[in-house]
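Structure first, then comments.
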Protein chains: 2
Amino acid sequence: MNLNNRQKKILQIVNSTGGAKVSDLSKSLYFSGMTIRRDLQMMENEGLLKRVHGGAIVNDSDFQYPIWYRMEINKEQKKKLAQRAAKHLRDGQVIFFNTSSTLAYLLPYLQQYKNLQIITNSVHLLFMISKMHIPCFLTGGRYNEVEGSISGRQAEAFLRGINPDIAFLSCEALSPDGCVSNSNEDLAEIDRIAIEQSKTAVLLMDQSKLGERCTYTVCHTDRLADVILL
Amino acid sequence: MNLNNRQKKILQIVNSTGGAKVSDLSKSLYFSGMTIRRDLQMMENEGLLKRVHGGAIVNDSDFQYPIWYRMEINKEQKKKLAQRAAKHLRDGQVIFFNTSSTLAYLLPYLQQYKNLQIITNSVHLLFMISKMHIPCFLTGGRYNEVEGSISGRQAEAFLRGINPDIAFLSCEALSPDGCVSNSNEDLAEIDRIAIEQSKTAVLLMDQSKLGERCTYTVCHTDRLADVILL
DNA sequence: TGTAAATTGAACAAAAATGAACAAAATTTA
DNA sequence: TAAATTTTGTTCATTTTTGTTCAATTTACA
């Protein structure tokens with residue numbers, strides 16, 4: 001029994017029973033209380049559990065649903081609203097999409113238009129669009145694994161060299177007074193530049209994120225041609 | 001019993017039992033603890049297992065090499081040659097990879113270096129490298145679904161703005177007189193620029209493609225620091 | 001065949017893991 | 001509230017494991 005096995009076992013016990021006492025763990029695993037305590041401290045640092053006086057309990061901190069799950073939520077309603085957004089589409093347009101799962105609802109409507117060119121900083125959208133055999137360009141720059149986005153100085157430079165007809169954006173928060181904002185500084189900057197460079201900008205966003213305000217302002221809604229709440 | 005057989009056996013034991021102690025492996029394989037320890041270190045660097053105090057356990061990290069890589073991993077020759085290519089690696093390097101599955105053999109060796117920065121025009125390599133938690137930049141530009149590559153005018157401009165310490169390239173053909181060539185014009189141009197911009201360039205390629213010559217010349221081998229035939 | 005490189009093991013110093021002792025802090029009890 | 005009890009964290013000693021270095025041996029290769 002080494003450190004790793006012991007900690008794995010402790011985690012099993014804690015997760016299956018909701019919590020465990022140091023004294024019990026010590027007795028059942030045949031290690032001193034001191035060792036157990038050190039284990040719990042390590043595991044708490046890694047966010048695996050929460051330490052309390054006398055032992056440890058499960059860590060039920062906030063967790064995020066994976067992206068594929070979020071896409072399944074409210075499918076029907078979102079489809080209808082994406083249809084409304086699709087009314088801004090025309091043949092031959094150069095279109096920018098930012099990084100967002102919400103925008104994926106728009107993709108089916110691209111099929112009916114000819115000679116579109118898509119630019120995006122989302123690798124997920126890149127793949128989906130490519131599978132539809134629509135030419136797609138990705139901004140260059142630093143890859144962020146969490147959102148599947150490309151951002152940073154180079155992505156900004158890339159965008160400044162392009163003038164899309166329309167930008168479809170999604171963001172994290174929209175305050176009551178019309179302030180569109182994001183919690184990621186780099187992605188907020190991408191959005192700002194996309195709006196600057198594009199003739200038209202349309203915001204799509206999830207109603208659930210309404211009314212809040214994140215650290216980095218993207219723009220005010222009066223700069224947008226349309227705001228569609230899914 | 002040579003190094004490769006021994007490591008294969010160690011991996012079997014670890015994978016079948018979930019873990020093994022150095023002292024036990026030493027006794028059952030009749031090798032000194034020191035040798036076992038060196039084996040484990042090597043195998044950990046390649047991501048095949050996880051070392052813990054006293055021994056090793058199965059690698060349950062979130063990063064897994066793709067199946068085709070793990071299936072090939074025991075082909076000693078490729079492993080050895082990738083190892084030779086890895087000798088060009090140093091801490092803190094800025095490295096370019098072009099679009100090629102061959103280069104994936106090098107990835108395990110990246111883990112042992114600190115502060116690397118990778119630039120590539122391959123989305124497949126981008127994903128693998130990101131999963132290893134190494135900062136990775138993608139060139140901007142047109143996406144080509146077939147090879148999973150980014151190329152075109154913007155990718156070229158992106159590359160010209162960067163000066164990597166070393167470029168690892170793979171290509172489609174290498175003629176007997178040392179002409180490195182490619183059948184895709186855009187990707188050949190990317191390679192040319194990468195060589196131009198990099199302090200050092202190393203070619204890795206599959207022996208099967210040896211002796212031929214494609215439409216677009218990339219460079220001559222005397223421009224390369226090393227040519228490694230897998 | 002001789003030389004360079006890789007492999008291996010031994011010795012020993014350095015580091016990690018563990019438990020015991022005890023003072024400090026938290027909790028319970030009176 | 002104070003005393004008693006339990007739990008915690010610090011420190012130190014002991015044991016185990018690891019890494020470094022060097023020498024011997026084997027292997028690769030020119």
Side-chain angles (χ1 to χ4, degrees), chain A residues 1-11 13-14 17-46 48-59, chain B residues 1-11 13-14 17-46 48-59 73-89 91 108-109 111-114 207 226-230:
Chain A
M1 168 89 78
N2 61 21
L3 182 146
N4 257 273
N5 284 318
R6 196 177 55 237
Q7 294 196 355
K8 214 174 274 184
K9 231 164 217 162
I10 291 174
L11 193 59
I13 295 172
V14 168
T17 63
K21 300 208 295 178
V22 172
S23 56
D24 292 342
L25 290 169
S26 169
K27 262 180 279 176
S28 64
L29 298 174
Y30 303 102
F31 276 85
S32 73
M34 193 59 237
T35 300
I36 301 294
R37 240 174 282 127
R38 279 191 273 240
D39 283 337
L40 296 183
Q41 186 162 49
M42 257 188 255
M43 293 163 81
E44 183 173 46
N45 288 339
E46 293 170 36
L48 297 171
L49 44 73
K50 184 168 158 46
R51 224 139 83 82
V52 295
H53 196 87
I57 58 174
V58 294
N59 179 358
Chain B
M1 168 91 77
N2 63 17
L3 182 146
N4 274 291
N5 285 319
R6 195 177 56 236
Q7 294 197 356
K8 214 179 279 186
K9 225 162 222 163
I10 291 174
L11 192 58
I13 294 172
V14 169
T17 63
K21 300 208 294 180
V22 172
S23 55
D24 292 343
L25 290 168
S26 169
K27 262 180 276 176
S28 65
L29 298 175
Y30 303 102
F31 276 84
S32 73
M34 193 60 237
T35 300
I36 301 294
R37 241 174 281 127
R38 279 191 273 240
D39 284 338
L40 296 182
Q41 185 163 53
M42 259 187 254
M43 293 162 81
E44 182 175 47
N45 287 338
E46 294 172 31
L48 296 173
L49 45 72
K50 180 169 157 48
R51 225 139 85 80
V52 296
H53 198 86
I57 58 176
V58 293
N59 181 358
I73 196 153
N74 289 326
K75 295 194 170 170
E76 279 87 20
Q77 204 205 359
K78 288 201 176 179
K79 200 167 155 185
K80 215 167 250 180
L81 289 161
Q83 212 162 11
R84 202 180 111 202
K87 287 196 176 150
H88 295 279
L89 294 171
D91 282 340
Y109 299 97
Q111 283 187 328
Q112 31 193 318
Y113 297 91
K114 293 182 205 305
Q207 277 185 319
D226 204 349
V227 175
I228 296 169
L229 299 171
L230 300 200

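Predicted model, so just to flag it, every value in this text is computed and none were measured. Below, read A as the first sequence line, B as the second, and so on, with proteins coming before strands; counting in each chain starts at 1.
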Quickly work out the [X] [atom1] to [N] [atom2] distance and round it to whole Å.
{"X": "Met34(B)", "N": "dT18(D)", "atom1": "CE", "atom2": "P", "value": "10 Å"}
{"X": "Arg51(A)", "N": "dT7(D)", "atom1": "CZ", "atom2": "C1'", "value": "10 Å"}
{"X": "Leu40(B)", "N": "dG19(D)", "atom1": "CG", "atom2": "C1'", "value": "13 Å"}
{"X": "Leu29(B)", "N": "dT7(C)", "atom1": "CG", "atom2": "P", "value": "17 Å"}
{"X": "Phe31(B)", "N": "dT26(D)", "atom1": "CZ", "atom2": "C1'", "value": "12 Å"}
{"X": "Leu25(B)", "N": "dT17(D)", "atom1": "CG", "atom2": "C1'", "value": "14 Å"}
{"X": "Gln41(A)", "N": "dA17(C)", "atom1": "CD", "atom2": "C1'", "value": "15 Å"}
{"X": "Lys27(A)", "N": "dT6(D)", "atom1": "NZ", "atom2": "P", "value": "12 Å"}

Legend entry - Close side-chain approach of Thr35(A) to Arg6(A), heavy-atom, < 4.5 Å: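 Of all side-chain heavy-atom pairs linking Arg6(A) with Thr35(A), at least one is under 4.5 Å.
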Legend entry - Nearest-nucleotide comparison on DNA chain C, the residue closer to the 5′ end among His53(A) and Arg37(A): Arg37(A)
Inset, instruction - May I ask you to say what Gly33(A) touches in the nucleic acid, namely base, sugar-phosphate or nothing, with a heavy-atom cut-off under 4.0 Å? - result: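 Result for Gly33(A) = nothing.
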Legend entry - Test side chain to side chain contact (heavy atoms under 4.5 Å, CB included) applied to Met34(A) and Arg37(A), step by step: CA-CA 5 Å; Met34(A) 193 59 237; Arg37(A) 240 174 282 127; 3.4 Å; yes
Legend entry - For Glu44(A) against Arg51(A), the heavy-atom pair lying closest together: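 Closest approach of Glu44(A) to Arg51(A), heavy atoms only: OE2-N, 3.0 Å.
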Inset, instruction - With rounding to the nearest 0.5 Å, note down the distance linking NZ in Lys21(B) to CD1 in Ile13(B). - result: 14.0 Å
Inset, instruction - Nearest 0.5 Å please: distance from the CG atom of Asp39(B) over to the CD1 atom of Ile10(B). - result: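 Here the interatomic distance stands at 4.0 Å.
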Inset, instruction - Could you pick out which residue, Val52(B) or Gly54(A), lies toward the 5' side of DNA chain D when each is mapped onto its nearest nucleotide? - result: Gly54(A)
Legend entry - Thr35(B) side chain, from C-beta outward: closest of dG19(C), dG9(C), dT18(C):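 The listed nucleotide nearest to Thr35(B)'s side chain is dG9(C).
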Legend entry - Under-3.5 Å donor-acceptor pair between Arg38(B) side chain and dG19(D) base: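 It does not, because no donor-acceptor pair links the side chain of Arg38(B) to the base of dG19(D) below 3.5 Å.
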Inset, instruction - Check whether any side-chain nitrogen or oxygen of Lys87(B) sits under 4.0 Å from OP1 or OP2 of dA6(C), and answer yes or no. - result: yes
